[in-house]
Amino acid sequence: MSARPGIEAVFYYTRANRFSFNPLLGVLESLPGRWPANFPTAEAELHEAVAAALARSERVLACFSFASPQLWTMLPLARGLRDAHPARLVLVAGGPHPSADPEACFAAGFDLVVRGEGEAAFARLCEDIAAGGAGRVPGTCWLQDGRVRGAGAAAVVDLDACAPFGLGKFGPVEITRGCPYACAFCQTSALHGRRPRHRSPAAVGRWARELSRLGLR
């Protein structure tokens, strides 16, 4: 595959958040062309990776996923990146806290928030960025004229149609999404719906065999 000119992706791939990204890496791997991707795991590495990517490429997509306990780490980090790189860097947040509180993310300098399930929104976001757009697609929201705007919800994900990981990053095979209980302290029902959906046994077996083939347990 030929490299997609002028665009790179950087994922802040920390121990606490890496499995949230793995399905999105499967999406990125499936897109036409090749997106160079970097996976820094610490703050200093992140700054270095973004600076290096901007030196090579016209635009860089920097992706974060986090829950509420990480808010006080992630927001200052994003603010520092925004201050250091005011142009050509597209900061994207997703996960439980950004989905519920996009305003805090925009105040820290994020350009886009992916709300809810990420695969369908992330695929269209990447395609739009590659075409020179701003990534304002269904499943995302942004700040415009001081107000949070959105393009509606993204399509519900068919787990069997999506890879659970990609780009050489592996982890557990996700089997179920959604929860009927909608507990007030938990975002699972809001993110993934109240009707559980399952990856089929055949699909789970296929990915388990792939992990086994690679010698992963």
Side-chain angles (χ1 to χ4, degrees), residues 4 6-13 17 19-33 35 37 50 53 57-68 70-71 74-75 77-79 81-82 85-159 161-163 166-167 177-178 187-193 197:
R4 185 178 296 281
I7 302 174
E8 291 191 40
V10 176
F11 296 88
Y12 192 35
Y13 201 73
N17 306 109
F19 293 152
S20 298
F21 282 132
N22 283 356
L24 302 187
L25 304 184
V27 169
L28 200 62
E29 191 172 59
S30 72
L31 294 177
W35 284 67
V50 168
S57 303
E58 295 174 7
R59 299 180 81 186
V60 172
L61 194 66
C63 302
F64 296 74
S65 178
F66 54 94
S68 298
Q70 300 162 298
L71 184 68
M74 294 295 190
L75 294 191
L77 183 53
R79 191 174 294 112
L81 285 172
R82 178 86 291 154
H85 309 288
R88 300 191 296 118
L89 176 63
V90 182
L91 289 174
V92 182
H97 194 95
S99 292
D101 183 22
E103 292 89 347
C105 298
F106 296 133
F110 281 99
D111 299 291
L112 295 167
V113 167
V114 176
R115 304 185 83 169
E117 292 186 301
E119 289 94 333
F122 190 66
R124 295 189 63 178
L125 184 159
C126 289
E127 291 168 347
D128 191 67
I129 293 289
R136 296 177 174 182
V137 301
T140 69
C141 63
W142 57 90
L143 196 66
Q144 183 176 345
D145 299 326
R147 297 182 61 186
V148 176
R149 310 283 186 176
V156 175
V157 171
D158 176 359
L159 292 175
C162 297
L167 299 179
R177 282 189 190 174
Q187 274 280 72
T188 297
S189 299
L191 289 171
H192 302 308
R197 288 166 286 142

Backbone N/O of Pro96 and side chain of Ser99: donor-acceptor pair under 3.5 Å:
no
Kindly indicate, with the supporting measurements, whether the criterion side-chain contact (heavy atoms from CB on, under 4.5 Å) is fulfilled by Phe122 and Leu25.
CA-CA 10 Å; Phe122 190 66; Leu25 304 184; over 6 Å; no
Arg82 vs Asp111, test: side-chain contact (heavy atoms from CB on, under 4.5 Å). Steps then yes/no.
CA-CA 10 Å; Arg82 178 86 291 154; Asp111 299 291; 2.7 Å; yes
Minimum heavy-atom separation for Pro138 to Ala154, with atom names?
O-CB, 3.7 Å
Using the six-membered ring wherever Trp is involved, compare the ring planes of Phe110 and Phe66 and label them parallel, tilted or perpendicular (cut-offs 30° and 60°).
tilted
Show the nearest heavy-atom pair for residues Ala134 and Asp128, with the distance to one decimal.
N-OD2, 3.2 Å
About how many Å separate OG of Ser65 and CE of Met74, when rounded to the nearest 0.5 Å?
7.5 Å
In Å, rounded to the nearest 0.5 Å, how long is the span from OG1 of Thr188 to CZ of Arg177?
11.0 Å
Atom CG in Leu24, atom SG in Cys162: separation rounded to 0.5 Å?
10.0 Å
At what distance, to the nearest 0.5 angstrom, does CZ of Arg149 lie from CZ of Arg136?
10.0 Å
Any chance you could measure Gln70, atom CD, to Leu75, atom CG, to the nearest 0.5 Å?
11.0 Å
Taking the side chain as every heavy atom from C-beta outward, state whether Leu61 and Leu125 have any pair of such atoms under 4.5 Å apart.
yes
So CG of Leu191 and CD of Glu117: to nearest 0.5 Å the spacing works out to 8.5 Å
Salt bridge or not for Arg197 and Asp158, using N-O below 4.0 Å?
no
